[in-house]
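Structure, as structure tokens:
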Amino acid sequence: MSGDRELASTPGEPESSAPTPTTPTILHVDMDAFYAAVEVRENPALRGRPVVIGADPREGRGRGVVSTASYEARQVGIGSAMPISEAYRRCPDAVFLKPRISLYAEVSDHIFDLFREYTDLVEPLSLDEAFLDVTGSRALFGDGPQIAATIKQEIRRRESLTASVGVAASKFLAKLASDLDKPDGLVVVPPGREREFLAPLEVHRLWGAGIKAQERFRQLGVRTIGQVADQGVDRLVQAFGESMGRRFHALALGQDPRTVVPGRTRKSLGREVTFSEDISDREVVEQTLFRLCDQVARSLRKRELTGATVSLKLRWEGFETVTRQKTLDRPINTTERLWPVARGLFRKADRRQLRVRLIGVSLSGLSHGAASQLGLFEADEPPVDTRVAEVVDSLAERFGEGSVTRAALLTDGRKRER
């Protein structure tokens with residue numbers, strides 16, 4: 001595969017031809033062994049061991065199929081959709097875990113929230129992969145490779161997980177590129193070099209080239225995508241029919257006109273932190289919670305959103321997780337309104353004899369519009385918290401994030417997080 005990646009530029013390197021303002025920049029982000037990676041993150045004792053997701057641990061030799069497997073398990077030939085019995089035969093010492101879809105969905109929500117910090121054009125394909133159109137984001141965040149590298153870094157920093165990303169001018173090429181250097185890869189297809197990039201790849205990488213199509217290509221003496229492009233559209237139409245023949249020809253030339261279509265509405269917005277060491281100092285925990293509230297409030301205002309339900313997430317040493325929530329009379333999006341509620345939820349749920357491993361806060365029941373709509377007999381002037389938030393936001397917009405910092409955050413507590 002190294003030959004395939006010779007065309008891929010890395011962030012900071014010049015590309016063969018820079019994209020024009022109208023050249024699309026599409027990212028395909030694919031989390032690495034997502035379910036298994038989340039389980040390893042939740043239980044570090046699993047690190048380095050073959051982990052198989054898809055069966056109750058008490059029924060490792062029972063019915064069912066593999067949902068996903070860690071890369072250690074893949075090294076012994078275990079893969080998705082394999083019968084659990086076969087996976088057990090190949091590696092009886094593997095850790096077999098029943099899927100926890102609600103946990104994976106929660107982590108996925110955090111990752112998709114991160115995506116939307118860079119573009120509103122996010123098309124989910126599953127819990128662990130999505131297309132992002134960042135064409136309109138380049139002026140703010142840099143070119144496609146720079147945005148991809150930043151997203152990868154943020155996923156690692158915030159979620160302690162890795163992702164592989166493909167960057168190209170079309171969805172087909174971006175998705176193909178993301179699969180070429182897993183795990184933790186970043187592959188870029190420079191504009192103007194699509195055919196050169198595709199030429200040496202085998203035909204099974206063409207979308208729609210299933211077993212029957214691959215056999216037909218073999219009968220034609222075609223082994224690579226470059227050879228598909230050389231066939232000409234008429235011969236491909238004769239071999240595969242009008243629709244599929246033209247599709248294969250266009251893809252082999254690197255042509256894919258499909259756009260990124262946002263596929264779901266945001267239901268909540270939140271942040272969480274996993275401490276590098278379990279924390280007993282409640283002052284550190286509450287300061288961290290305050291900072292998370294401030295981040296969530298800023299993100300809401302940036303999107304002109306408010307939320308009515310505050311949720312707190314706590315994970316103790318030993319990995320027991322609890323959640324608490326409170327629905328407010330009015331939607332909010334300022335730190336001054338969010339922080340007291342989140343702190344109250346934490347203090348009610350706190351078990352001081354236990355150390356804290358993770359803390360998070362989120363707002364759901366989202367809606368567009370201003371927070372804390374004034375009552376009939378209230379003054380026309382916006383509330384103090386709203387005016388403060390507007391000043392903070394305007395300063396951050398003018399001088400950059402971090403130019404204004406709340407006094408409560410000026411401690412070294414953040415150094416104890418990962």
Q. Is the closest basic N to carboxylate O distance between E196 and R193 below 4.0 Å?
A.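 Yes, E196 and R193 are salt-bridged.
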Does one side chain, of [X] or [Y], offer a donor that lies under 3.5 Å from an acceptor on the other?
X    : Y    : value
T25  : T135 : no
H249 : Q231 : no
R271 : S299 : yes
R216 : Q219 : yes
E39  : Y104 : yes

Q. For T224, what residues pass the side chain to side chain donor-acceptor pair (under 3.5 Å) criterion, not counting sequence neighbours?
A.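 For T224 there are no side chain to side chain donor-acceptor pair (under 3.5 Å) partners, ignoring immediate neighbours.
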Q: Step by step, work out the side chain to side chain contact (heavy atoms under 4.5 Å, CB included) result for F217 and F248.
A: CA-CA 11 Å; F217 276 125; F248 283 149; 3.8 Å; yes
Q: Run through D30, D184, D32 and flag the one making a side-chain hydrogen bond (donor to acceptor under 3.5 Å, both in side chains) with S164.
A: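 The residue from D30, D184, D32 that satisfies side-chain hydrogen bond (donor to acceptor under 3.5 Å, both in side chains) with S164 turns out to be D32.
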Identify the heavy atoms of [X] and [Y] that sit nearest to each other, and give their distance.
X    : Y    : answer
A87  : V66  : CB-CG2, 3.9 Å
P44  : R41  : CD-O, 4.0 Å
V51  : L97  : CG1-CD1, 4.0 Å
L103 : R315 : CD1-NH2, 4.4 Å
E317 : L354 : OE2-CA, 3.5 Å
L358 : F275 : N-CD1, 4.3 Å

Enter the distance from [X]:[atom1] to [Y]:[atom2] here, rounded to the nearest 0.5 Å.
X    : Y    : atom1 : atom2 : result
F34  : D128 : CZ    : CG    : 6.5 Å
D143 : S137 : CG    : OG    : 12.0 Å
L251 : I225 : CG    : CD1   : 8.5 Å
E286 : W339 : CD    : CH2   : 5.0 Å
Q227 : L201 : CD    : CG    : 12.0 Å
M82  : R89  : CE    : CZ    : 8.5 Å

Q: Start with the C-alpha distance between W316 and R351, add both sets of side-chain angles, then the distance that settles side chain to side chain contact (heavy atoms under 4.5 Å, CB included), and finish with yes or no.
A: CA-CA 9 Å; W316 310 110; R351 292 154 62 182; 3.6 Å; yes
Could you tell me if the side chain of [Y] sits less than 4.5 Å from the side chain of [X], heavy atoms only?
X    : Y    : value
H110 : R158 : no
T288 : I279 : no
M31  : L161 : yes
T334 : R337 : yes
V228 : L206 : yes

Whether the side chain of [X] engages the backbone of [Y] through a donor-acceptor N/O pair (distance < 3.5 Å, no angle test) should be reported.
X    : Y    : answer
S80  : S67  : yes
S178 : G166 : no
D113 : L269 : no
E194 : L173 : no

Name the residue from [options] that meets the side chain to side chain contact (heavy atoms under 4.5 Å, CB included) definition with [X].
X    : options                : answer
I151 : L132, I111, V165, V134 : L132
P262 : D133, V122, L121       : L121
S311 : R324, Q325, K326       : Q325

Q: Evaluate salt bridge (charged side-chain N to carboxylate O under 4.0 Å, His left out) for E283 paired with R343, printing each intermediate quantity in order.
A: CA-CA 11 Å; E283 183 178 350; R343 180 180 56 189; over 6 Å; no
(Q) Whether R74 engages the ring of Y71 as a cation-pi pair (distance to the six-membered ring centre under 6.0 angstrom, angle to the ring normal within 45°) should be assessed. (A)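 Yes, R74 lies over the aromatic ring of Y71.
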Q: Test side-chain hydrogen bond (donor to acceptor under 3.5 Å, both in side chains) on S367 and T306 and set out the steps.
A: CA-CA 5 Å; S367 58; T306 58; 3.1 Å; yes
(Q) Run the ring pair (Phe, Tyr, Trp, His ring centres under 6.0 Å) test on F131 and F172 for me, step by step, so that the C-alpha distance in whole Å, both residues' side-chain angles and the decisive distance to 0.1 Å come before the verdict. (A) CA-CA 10 Å; F131 287 114; F172 166 59; over 10 Å; no
Q) Crowded around Q238 CD? As in, over 12 foreign heavy atoms under 6.0 Å? A)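 Count not over threshold, so no.
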(Q) Can you confirm whether L140 is buried at CG, in the sense that more than 12 heavy atoms of other residues, nucleotides or ligands lie under 6.0 Å from that atom? (A)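 More than 12 heavy atoms, drawn from other residues, nucleotides or ligands, come within 6.0 Å of this atom.
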Q: Dump the intermediate steps for side chain to side chain contact (heavy atoms under 4.5 Å, CB included) on T321 and L314, then the final yes or no.
A: CA-CA 6 Å; T321 303; L314 275 171; over 6 Å; no
Q: Check the pair K175 / E129 against salt bridge (charged side-chain N to carboxylate O under 4.0 Å, His left out), numbers first and verdict last.
A: CA-CA 10 Å; K175 183 170 174 61; E129 64 174 320; 3.0 Å; yes
Q) Does the salt bridge (charged side-chain N to carboxylate O under 4.0 Å, His left out) test come out yes or no for E123 and K171, once each step is laid out? A) CA-CA 11 Å; E123 180 180 342; K171 294 169 73 171; 2.8 Å; yes
Q.
Set out, in order, the CA-CA distance, both residues' side-chain angles and the distance that settles salt bridge (charged side-chain N to carboxylate O under 4.0 Å, His left out) for R47 and E72, then state yes or no.
A. CA-CA 9 Å; R47 195 172 305 281; E72 292 82 0; over 6 Å; no
(Q) What verdict does the side chain to side chain contact (heavy atoms under 4.5 Å, CB included) test give for E320 and R357, after you've listed the backbone C-alpha separation in whole Å, the side-chain angles of each residue and the deciding distance to 0.1 Å? (A) CA-CA 9 Å; E320 179 187 355; R357 175 174 176 78; over 6 Å; no
